[in-house]
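The structure appears below as structure tokens.
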Amino acid sequence: MNGAPTPLAVYQTLFAAHGPQHWWPGDSPFEIMVGAVLTQNTAWRNVERAIAKLIRHRTLAPEAILAARQEALAEWLRPCGYFNVKARRLVNFCRWYLQEGGLTVLAGRDTATLRMNLLAINGIGPETADDILLYAFERPVFVVDAYTRRLFSRLGLVPETIGYEDLRSFFESTLETDRVLFNEYHALIVRHGKEICRPRPLCDRCGLAAVCAFDAEQRDQRW
DNA sequence: ACCCAGGGTCATA
DNA sequence: TATGACCATGGG
């Protein structure tokens, strides 16, 4: 019972504390992909505003994004920050998306190929690619982010400096390959990280320690 | 005024 | 390969 919990036990604790998260917010696979780019290092609230602007200007479609003037596109993306960068990244992504033949064609590809394709796009890094694979293409890929590294290094399960791929394979090799599990798990980690396990102060001083299942001082009692 | 947010790229050593 | 600068808005 002492020492480190298993990843599955962590999942069960998170699920018990927060319940199902119903990710990813978005009405279509393409909207999810757009959201994945726009939320890079950005609060989701601001992404919602930018997506609302795109909808208002009838630009939430790959053809419309490519047809828009870059300046106009950037202006609509202003609320989510890095708007010039993200306008370019969105265009890069949409050019790829249409040139490859759209959703139906892409959905026919195996996960490894799709992941390689996504990573080749300028502006799509590992986390954004995995968001798209898991939440838009519904592939069993474990998405890693800063919250994941922070939580699991605090739990003593991985080194604090572990790289993205190593952390991803830590989960994918430990857990059963389950798209629904991976979906819920990443969402729960984000929820926990946002609301409870803040970067500063640390978990055990966050003021919500009573409801934080992963308080550093409590973990030996819990497991 | 400072820190943070559902990252990624690029230049430099 | 590994840092550091840079991108930028909005909320606590």
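Remember, it's a predicted structure, so these values are computed and weren't measured experimentally. In the text below, chain A, chain B and the rest are named by the order of the sequence lines, each starting its count at 1.
- Following chains of ILVMFWY side-chain contacts shorter than 4.5 Å, one cannot reach A:L134 starting from A:M116, and the two form parts of different hydrophobic clusters.
- Under a hydrophobic-cluster definition in which Ile, Leu, Val, Met, Phe, Trp and Tyr are linked whenever side-chain heavy atoms come within less than 4.5 Å, directly or via other members, A:L119 and A:V34 are assigned to different clusters.
- Separating the CZ atom of A:F83 from the P atom of B:dG7 is a distance of 19 Å, rounded to the nearest angstrom.
- Closest heavy-atom contact between A:L103 and A:Y97: CB-OH, 3.3 Å.
- Comparing C:dG10 with B:dG8, their P atoms sit 23 Å apart, to the nearest whole Å.
- A salt bridge links A:R168 and A:E165; the closest N-O separation between the charged side-chain nitrogens and carboxylate oxygens is under 4.0 Å.
- Between the side chains of A:T128 and A:D131, no donor-acceptor pair is found at a separation under 3.5 Å.
- Nearest to the side chain of A:K194, among C:dA8, B:dG6, B:dG7, sits B:dG6.
- Nearest heavy atoms, A:Y135 versus A:I32: O-CD1, 3.4 Å.
- The list of ring-ring contact (aromatic ring centres under 6.0 Å, His included) pairs with a residue in residues 51-78 of chain A, not counting sequence neighbours, reads A:H57-A:W76.
- In secondary-structure terms, DNA chain B builds stems of at least 3 consecutive Watson-Crick or G-U pairs, each pair having both distances under 3.5 Å, at B:2-5 with C:9-12, B:7-13 with C:1-7.
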Polar atom pairs (N or O), protein with nucleotides 9-12 of chain B, under 3.5 Å:
from: B:dT9; atom 1: OP1; to: A:G123; atom 2: N; distance (Å): 2.9
from: B:dC10; atom 1: OP1; to: A:N122; atom 2: ND2; distance (Å): 3.0

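- Computed from coordinates, the A:I189 CD1 to B:dG6 P distance equals 14 Å when rounded to whole Å.
- If you measure from atom CD1 of A:I132 to atom P of B:dG7, you get 13 Å, rounded to the nearest angstrom.
- Taking atom CZ on A:F142 and atom P on B:dG6, their separation rounds to 17 Å, with Å as the unit.
- Residue contacts for A:V85: at a heavy-atom cut-off of 4.0 Å it reaches the sugar-phosphate backbone alone, with no base atom in range.
- Note: CD (A:E165) to C1' (B:dG8) measures 14 Å, nearest angstrom.
- Across all strands, A:N84 comes closer than 4.0 Å only to sugar-phosphate atoms, never to a base (heavy-atom distances).
- Taking Ile, Leu, Val, Met, Phe, Trp and Tyr as members and joining any whose side-chain heavy atoms lie under 4.5 Å apart, directly or through other members, the hydrophobic cluster of A:V85 also contains A:Y82.
- Near DNA chain C, meaning a heavy atom under 4.0 Å away, there are no residues from residues 173-188 of chain A.
- With A:T174 contributing its side chain and A:F171 its backbone, the two residues share no donor-acceptor pair below 3.5 Å.
- Atom NE2 of A:H192 is separated from atom P of B:dG6 by 14 Å (rounded to the nearest Å).
- When the P atom of B:dG8 is taken as reference, atom CG of A:L118 falls 11 Å away, rounded to whole Å.
- Residue A:D110 places its CG atom among more than 12 non-hydrogen atoms of other residues, nucleotides or ligands, all under 6.0 Å distant.
- Comparing B:dG6 with C:dA5, their C1' atoms are spaced 23 Å from each other, to the whole Å.
- Residue A:C94 comes nearest to A:F30 through the heavy atom pair SG-CZ, 3.7 Å, listed as atom of the first residue, atom of the second, then distance.
- At least one donor-acceptor pair under 3.5 Å links the side chain of A:E172 to the backbone N or O of A:F142.
- Here A:Y147 does not count as stacked on B:dA5, because the ring centres are not under 5.5 angstrom apart with planes under 30°.
- Between A:R150 and B:dA5 there is a side-chain N or O to OP1 or OP2 distance below 4.0 Å.
- Atom CH2 in A:W76 sits roughly 18 Å away from atom P in C:dT9 (whole-Å rounding).
- For the residue pair A:N92 and A:R89, no side-chain donor N or O sits within less than 3.5 Å of a side-chain acceptor on the partner.
- Classification of A:D130 and A:R139 as a salt-bridged pair fails, no side-chain N sitting under 4.0 Å from a carboxylate O.
- Residues A:C80 and A:N46 share a closest heavy-atom pair of CB-O, 3.6 Å.
- Near DNA chain C, meaning a heavy atom under 4.0 Å away, the residues from residues 26-51 of chain A are A:N41, A:R45, A:N46, A:R49.
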